[in-house]
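As structure tokens, the structure follows; a few thoughts come after it.
Atoms considered below: every heavy atom in the structure, side chains included; atoms not considered: hydrogens, waters and symmetry mates. Note that the structure is a prediction, hence the values are computed from the model and not measured.
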Amino acid sequence: MGRLHLSYLDGRMYTCKYCYTHLALVDDIISKTFHCNNGKAYLFNKAVNVSLGEKAERMMTTGLHTVADLFCIACGSIVGWKYEVAPDRIQKYKEGKYILVMRKVVDFDGTNLGGGNESQAGASDADDAGY
């Protein structure tokens with residue numbers, strides 16, 4: 001299978017909740033207004049140490065999108081998804097961007113950002129994948 005190659009980030013970051021593998025920098029956050037079935041989710045410009053699942057069409061709050069699940073490459077946990085295609089021109093800014101589910105990650109200092117039951121209100125995406 002080969003040796004696992006991990007990227008290491010400098011600065012304030014989010015890590016996998018289960019194995020603390022570096023996933024994304026705070027500086028790469030585009031939006032904190034997203035939600036999924038498990039609460040808060042943040043949109044990032046880029047992510048590291050993730051692998052992509054198969055592309056699938058999912059109905060989100062903002063319409064149909066083609067997405068791929070994001071897996072931590074160290075432990076295999078699902079940590080979010082990547083937007084591949086957003087058919088609506090207003091949603092095109094999401095294409096190629098990454099969602100990290102806050103219940104699946106911890107802040108650089110070990111703080112679990114998923115917390116308790118967050119409100120599901122807002123004009124953000126929610127999916128049926130059970131994140």
For Glu84 against Leu52, the heavy-atom pair lying closest together: OE2-CD1, 3.8 Å
Heavy-atom closest pair, residues Asp10 and Leu25: O-CD2, 3.2 Å
Donor-acceptor under 3.5 Å (Lys92 side chain, Ala86 main chain): yes
Non-hydrogen side-chain atoms of Val106 and Tyr14 separated by less than 4.5 Å: no
Test side chain to side chain contact (heavy atoms under 4.5 Å, CB included) applied to Thr21 and Asn49, Val48, Leu4, Thr15, the passing residue: Asn49
From Gln91 atom CD to Met60 atom CE, the distance as rounded to the nearest 0.5 Å: 10.5 Å
Minimum heavy-atom distance Ser51-Ile73, with the two atoms named: N-CG2, 3.5 Å
Aromatic contact, Tyr83 with Tyr98 (centres under 6.0 Å): no
Tyr42 OH to Lys40 NZ distance, which is reported to the nearest 0.5 Å: 4.5 Å
Side chain proximity check, Val101 to Trp81, heavy atoms < 4.5 angstrom: yes
Contact check, side chains of Asn45 and Lys97, non-hydrogen atoms, under 4.5 Å: yes
Pairwise side-chain contact, Val79 with Val50, heavy-atom cut-off 4.5 Å (strictly under): yes
Salt-bridge criterion met for Arg12 and Asp27 (N-O under 4.0 Å): no
